[in-house]
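Protein chains get the first letters and strands the later ones, always in sequence-line order, with residue 1 at the start of each. This is a predicted model, so every value here is computed, not measured.
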Amino acid sequence: MPIHNSDIADIFREVADLLSIEGANQFRVRSYRQAAQKIDNLTQDVAEMVEEGGYLTELSGIGDSIAEKIEEIVETGSLNQLEEIKDRTPQALEELLDLAGLGPERVSDLYDELGIESGEDLKEAAENHKIREIEGFGKKTEQKILDELEKEDKQKSRYMLSRAEEYTEPLREYIESQEDVIDVEVAGSYRRRKETVGDIDILATCENRGKVMDHFVNYEDVDNVESKGDTKSTVYLRSGLQVDLRLVDEQSYGAAILYFTGSAQHNIALRERALDRNLKINEYGVFPEEEDEPVAGETEEEVYDAVDLPFIQPELREDLGEIEAAESGNLPDLVTMDDLKGDLQMHTHATDGSASIAEMAHAARDLGYEYIAITDHSKRVTVAQGMDADELAEQIEEIDGVNNSMDDFRILKSCEVDILEDGSLDLPDDILKELDMVLCCIHYQRDLSRKKQTDRYLKAIEHPLCNVIGHPTGREIHKRGEMDLDMEKIMDTAESNNVFLELNATPRRLDLNDIYCKMAKERGMKLTISTDSHSTEELNHIRFGINQARRGWLETSDVVNTHSVKDVLDMMAK
DNA sequence: GCCGTTTTCGGCCCGACTGTTTTCAGTCG
């Protein structure tokens, strides 16, 4: 049973949760959490590192003790320390930590005083007014617990970025429309363009705080005002999305945006760096020791400059090496929307799309593209009425016709060919040879073993006509996880066979994720970024792909479809 | 538990808010 990085990270997170409830040293707890985060974001497979005798302690945040524990997990599949903690402290207490307002101390008190081990216990105790009797708890805390238990059922998960955008952009415009508002910025993970966001943090500068806050809480989509003050208000929208508005002074605007954009880990690293320079960073600015006058704070650039760093793009602010890269002048020059020259996956009404080839081409040209690839499904994908060889031959002729009618634009002939269970392709070579690009994807038998699934991909990648592997992991956010794959092996094989991996920009896919993008880049691979559009409107989803690519440190040259059509054709010609 | 041109001990980011308290602990981001 292979141990994935996320398995190891989960174990350490659980250790951290349970240790915190036991009242362990908070910094010790933090070490486990940091190790978990480090491992989650690693672009190498930890189990492989162990097997190859790699030095885990070379990773920052992982010392002798945790390295030893990682080895134990890789070798035995579990961690004895965790089993011992579970014998002392019920595992179910961990879930109570997820409830807003309950941290390790209170969970521990609830367990010690009332024997509460689960959400049901908690609900019963709250309803019977037992909780207010515990020292340090009171009526309001008890009611808050009941409210949160209720809310947990209603809305638990994070919001896909695309969905969060639908609620946030109109609200941003609404806030901007108030006459006293000067500047508005949405911060948080939304600004870092994380694939999902938990809540929305909006910052603004303005003339009249009271009026602006009134305006905010009176927004038509507000369901419930949680708190309202002069500097901060919190509301819940009807969708359940929490939105905070914070009003700040102009001289603190940059420091505040930096602070509320995060990530927390990035902020911590910046603050530690400031301390080395006898400076203190908070959300109001950068302050020399023992002084009240800030030396920076109006803009983010100023704050970075105060700790001798260049501006770091929000998408990179995850403490995954961006500070070191900034220091050494090696920050990536991230790919932008303007760099894109084409879109390399989309469907037409030949299969499950809603527009014609010409309609897709004209819509793409209107977006400023020079080329697209039409990638309708192959026959195995019956739900999409996938094409057989004859139908694909007809489509190729149709594309030639449209190409002849557009002299400043090129439609690449392609097909989203299904990779069958044995790794062979769903259409014969003699028709695939006629294409400019062959896109290969898995749609069925997603639950094969890691070995079988990986071998299936390797066989497809080694097929001499395969150019691109589409939506490589098959995951869909909030719906299904990744296929079990040895991604390092897949990337290495793709790289040596001149096969590209796709970053599928469909908001619910975003497949590859940011970590895999970074992993590919570190191997010197190029990726395609494609929308997989099924309508002309969906071509606009490309921005989510660009967001993810930037989070994966990709530069313009790392992306296949930033290159000219001639270069793309050369790359596909192998 | 991690880490180190103030190194092997003694630190570890910082402030706001809330609710419970009469000065603060716990939680959150």
Whichever of A:G101 and A:F137 has the more 5' nearest nucleotide on DNA chain B, that residue is A:F137
For B:dT20 versus B:dG26, give the span between their C1' atoms, rounded off to a whole number of Å.
-> 10 Å
Protein proximity profile, nucleotides 10-18 of chain B - base contact B, sugar-phosphate-only contact S, no contact -, cut-off 4.0 Å on heavy atoms = --BBBSSSS
Would you say the side-chain atoms of A:D484 and A:H4 include a donor-acceptor pair closer than 3.5 Å?
-> yes
Whole-angstrom distance between B:dT6 and B:dG1, as gauged at atom P | 27 Å
In whole angstroms, how far is the P atom of B:dG1 from the CG atom of A:L56?
-> 16 Å
A:K232 pairs by side-chain contact (heavy atoms from CB on, under 4.5 Å) with which of A:L245, A:L247, A:V248, A:D244?
-> A:D244
Of all the nucleotides listed (B:dT20, B:dG1, B:dG29), which has the minimum atom distance to the side chain of A:K69?
-> B:dG1
With B for base contact, S for sugar-phosphate-only contact and - for none (protein heavy atoms under 4.0 Å), nucleotides 2-9 of chain B reads SS------
Rounded distance (Å) that lies between atom P of B:dC28 and atom CD of A:Q265 = 17 Å
P atoms of B:dC12 and B:dC17, separation to the nearest Å = 24 Å
Report which part of the nucleic acid A:A100 touches: base, sugar-phosphate, or nothing (heavy-atom distance under 4.0 Å, all strands).
-> sugar-phosphate
Pairing partner (Watson-Crick or G-U wobble, both distances under 3.5 angstrom) of B:dA25 = B:dT18
Atom CD of A:Q81 and atom C1' of B:dG1 are separated, to the nearest Å, by 10 Å
Would you kindly give the CD-to-C1' distance between A:Q242 and B:dC28, to the nearest whole Å?
-> 10 Å
Point-to-point distance, once rounded to the nearest 0.5 Å, from OG of A:S118 to CD of A:Q91 = 13.0 Å
What is the distance, rounded to the nearest whole Å, between atom CD of A:Q26 and atom P of B:dT27?
-> 12 Å
Using atom C1' of each nucleotide, how far apart are B:dC13 and B:dG29 to the nearest Å?
-> 12 Å
Could you tell me the separation between the CZ atom of A:R246 and the P atom of B:dG29, rounded to a whole number of Å?
-> 9 Å
Of A:L510, A:L161, A:I477, the residue whose pairing with A:T196 passes side-chain contact (heavy atoms from CB on, under 4.5 Å) = A:I477
Greater than 12 external heavy atoms within 6.0 Å of A:K86's NZ = yes
Rounded to whole angstrom units, what separation is found between the CG atom of A:D201 and the C1' atom of B:dC28?
-> 11 Å
May I ask you to check whether A:D338 and A:T336 show a side-chain donor-acceptor distance below 3.5 Å?
-> no
A:E135 has an atom CD; how far is it from atom P of B:dC24, in whole Å?
-> 16 Å
Using the salt bridge (Lys or Arg N to Asp or Glu O under 4.0 Å) rule, take A:R543 and A:E165 through it: C-alpha gap first, then chi angles, then the decisive distance, then the call.
-> CA-CA 12 Å; A:R543 68 179 183 283; A:E165 256 191 13; 2.6 Å; yes
Using the P atom on both, measure B:dG10 against B:dT27 and round to a whole Å.
-> 29 Å
Atom P, compared across B:dT18 and B:dT7: separation rounded to whole Å | 43 Å
Separation of A:D17 CG from A:L97 CG (nearest 0.5 Å) = 5.0 Å
Assign A:L102 to base, sugar-phosphate, or nothing according to its heavy-atom contacts below 4.0 angstrom with the strands shown.
-> sugar-phosphate
Drop me the distance from A:N513's CG to A:K518's NZ, to the nearest 0.5 angstrom.
-> 12.0 Å
Angle class for the A:F12/A:Y32 ring planes (parallel below 30°, perpendicular above 60°, tilted otherwise)?
-> tilted
Expressed in whole Å, how much space separates the P atoms belonging to B:dA16 and B:dG11?
-> 25 Å
Syn/anti label of B:dT7 as read from its glycosidic torsion, with the cut at 90° from 0 | syn
Qualifying residue for salt bridge (Lys or Arg N to Asp or Glu O under 4.0 Å) with A:E318, from A:R192, A:R550, A:R193, A:K194 | A:R192
Mind checking A:K139 for me? I need base, sugar-phosphate or nothing, with any heavy atom below 4.0 Å counting as a touch.
-> sugar-phosphate
Rounded to whole angstrom, note down the C1' distance from B:dC3 over to B:dT8.
-> 10 Å
If you look at every strand shown and take non-hydrogen atoms under 4.0 Å, does A:Y32 touch a base, only sugar-phosphate, or nothing?
-> sugar-phosphate
